[in-house]
Amino acid sequence: MTLYNLTIHEAADLLHKKEIRPKELAQSVFQRIRSLDEQIGAYITVTEEAAMIQADQAEQAILNGTASPLAGIPISIKDLICTEGVKTTCASKILENFVPTYDATVIEKLKSQDAVFTGKVNMDEFAMGSTTENSALRPTVNPWKPNHSPGGSSGGSAASVAASMCLGSLGSDTGGSIRQPASHCGIVGVKPTYGRVSRYGLVAFASSLDQIGPLTKDVTDAALLLNAISGYDIKDSTSAPENVPDFTRNLKDGVKGLKIGLPKEYFNTDGIEEDVRSATEKAIEILKSQGAEFVDISLPHTAYAVASYYVIAPSEASSNLARYDGVKYGIRDMDQSELLSMYKETRSKGFGLEVKRRIIIGTYALSSGYYDAYYKKASQVRTLIINDFKKAFETCDLLLSPVSPSPAGIIGEHSDDPLKLYLSDIFTISANLAGLPAMSVPCGFTKHELPVGLHLMGRHFDEATLLKTAYSFEQATEFHKKRPQI
Ligand code: GLN
């Protein structure tokens, strides 16, 4: 048995039965990282030494009979979630030397459940992008086809899971950055409801949109990881005091009687690639045969979602990123003798092209003469989009679409055409604008053997319905069992 290939629930089962030991599992995963990651480029920092100590602690918890389902499970973490004593770079030059003095709440939670941390994984700089090519270090490649991107911005998370260089990962999703790379790498990705998971210790990109969530090999694993990280946190003022159900409990309930909406604005476009469309249509047939009912619905303001996101997200980013000025965090240009030139040079040298582009757009949209025309207008459009969803959820329990109009692209393909990449966020962005839970589950492959993901969106705090639908679909298919041949 190759231990690194296990899912979280398979490994937990063996660990709890004491058929394998946490250290063996960790060693198998680190061996895999050593042999593969030079090619894949998923990791920025590997934390093997600390992981061995964590594995010992997990073993103790298992022997004491106090172990959680995540005890001894090797997990990778997107490099924008703060980890005490471990570098957190956001894949940016400006934070290349930043070592947080505290853990994000999600990390604290995983530590208290005796998870084992494999390291910090690659991403688009400050989570801005959809290919992981905006990383200041190097692009991560797609384990299914190394000349293709794994998607982004959580590309390191998705590639590390797909290539079995960890058993699960935490990513972040501001406009699709968990779901799209999960889809492109043939794994499961969940963006929880805004407020479900604490953002304390998550380096902010766009605070009203960001959420942390799991990327895993199957739906059961996603439910387990979501159980582990969810819940109200007094340290995050946007965290919701909502009850957290056990997300594994209703997985087997089936989809009989569920009403699934098909937004006509999503499907009536010729922008969806043929292989993606046909995989989505087949998925609809499977869910129908399992007893789900499909209804056509309308989200009339869909056409404005991308535009509104690309005003709101850069505006919030321009404000959030003002703190990187060479004083408190990260690098400082030491050649400057004046304060202002030190700020200027530090930021010019520290930020990459896409980050600068967003800061410029955001600063412009927030400036006094343009605020009403851009930021305020975009916020008004956001309200219209929220209302579209409210109306849709009066008649259906969840919504279905592709995750992305196309599969993973070739690395470098769109590097000089950011607009093309922005437009490909069309199906994922609205869930962030409306704060809804949404997920990606594998639903097929293109003729070139690239994975395709199915997108499900639900009512606020109703992750359970998404997960049981995805689980039901997963039981009827084999896509999640396929692993890249690398
Ligand atoms: N692709 C989107 C962007 O570039 C989403 C990023 C994200 O979700 N972090 O902003």
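Quantities reported herein were computed from a predicted structural model and do not represent experimental measurements. Read the numbers this way: they start at 1 and go in the same order the structure lists the ligands and their atoms.
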Centroid-centroid distance, Phe205 to Phe126, less than 6.0 Å: no
Is there a heavy atom of Ser153 sitting under 4.0 angstrom from any atom of ligand 1? yes
Can you check which of Asn432, Thr428, Asp425, Asp124 brings a heavy atom nearest to atom 1 (N) of ligand 1? Asp425
Mark up the atoms of ligand 1 that fall under 4.0 Å of a heavy atom belonging to Ser130, in ascending order. 1 (N)
Record the part of Phe205 in heavy-atom contact with ligand 1 below 4.0 Å; permitted values are side chain, backbone, both and neither. side chain
Would Lys482 count as a cation-pi partner of Phe445, with NZ or CZ less than 6.0 Å from the six-membered ring centre and within 45° of the ring normal? yes
Heavy-atom contact under 4.0 Å between Tyr310 and ligand 1? yes
Please say whether Gly176 places an N or O atom under 3.5 Å from an N or O atom belonging to ligand 1. yes
Verify whether the ring centers belonging to Tyr324 and Tyr343 lie closer than 6.0 Å. no
As an exercise, identify every atom of ligand 1 less than 4.0 angstrom from a heavy atom of Gly175. 5 (C), 7 (C), 8 (O)
Residues Thr140, Ile40; criterion side-chain contact (heavy atoms from CB on, under 4.5 Å); working and verdict: CA-CA 6 Å; Thr140 299; Ile40 306 287; 4.1 Å; yes
Students often mix this up, so state it plainly: with edges at 30° and 60°, are the rings of Tyr364 and Tyr370 parallel, tilted or perpendicular? parallel
Around Lys376, counting heavy atoms of other residues, nucleotides and ligands shown, do more than 12 lie under 6.0 Å from its NZ? no
Determine whether the side chain, the backbone, both or neither of Arg358 has a heavy atom under 4.0 Å from any heavy atom of ligand 1. side chain
Contact atoms of ligand 1, heavy-atom distance to Ala127 under 4.0 Å: 6 (C), 7 (C), 9 (N)
Note the single closest protein heavy atom to atom 5 (C) of ligand 1, along with its residue, its atom name and the distance in Å. Tyr309 OH, 3.3 Å
Is it true that Asp103 and Lys111 make a salt bridge, defined as a side-chain N closer than 4.0 Å to a carboxylate O? yes
Protein residue, atom and distance nearest to atom 7 (C) of ligand 1, heavy-atom basis: Ser177 OG, 2.4 Å
Can Arg332 and Glu345 be counted as an ion pair, charged N to O under 4.0 angstrom? no
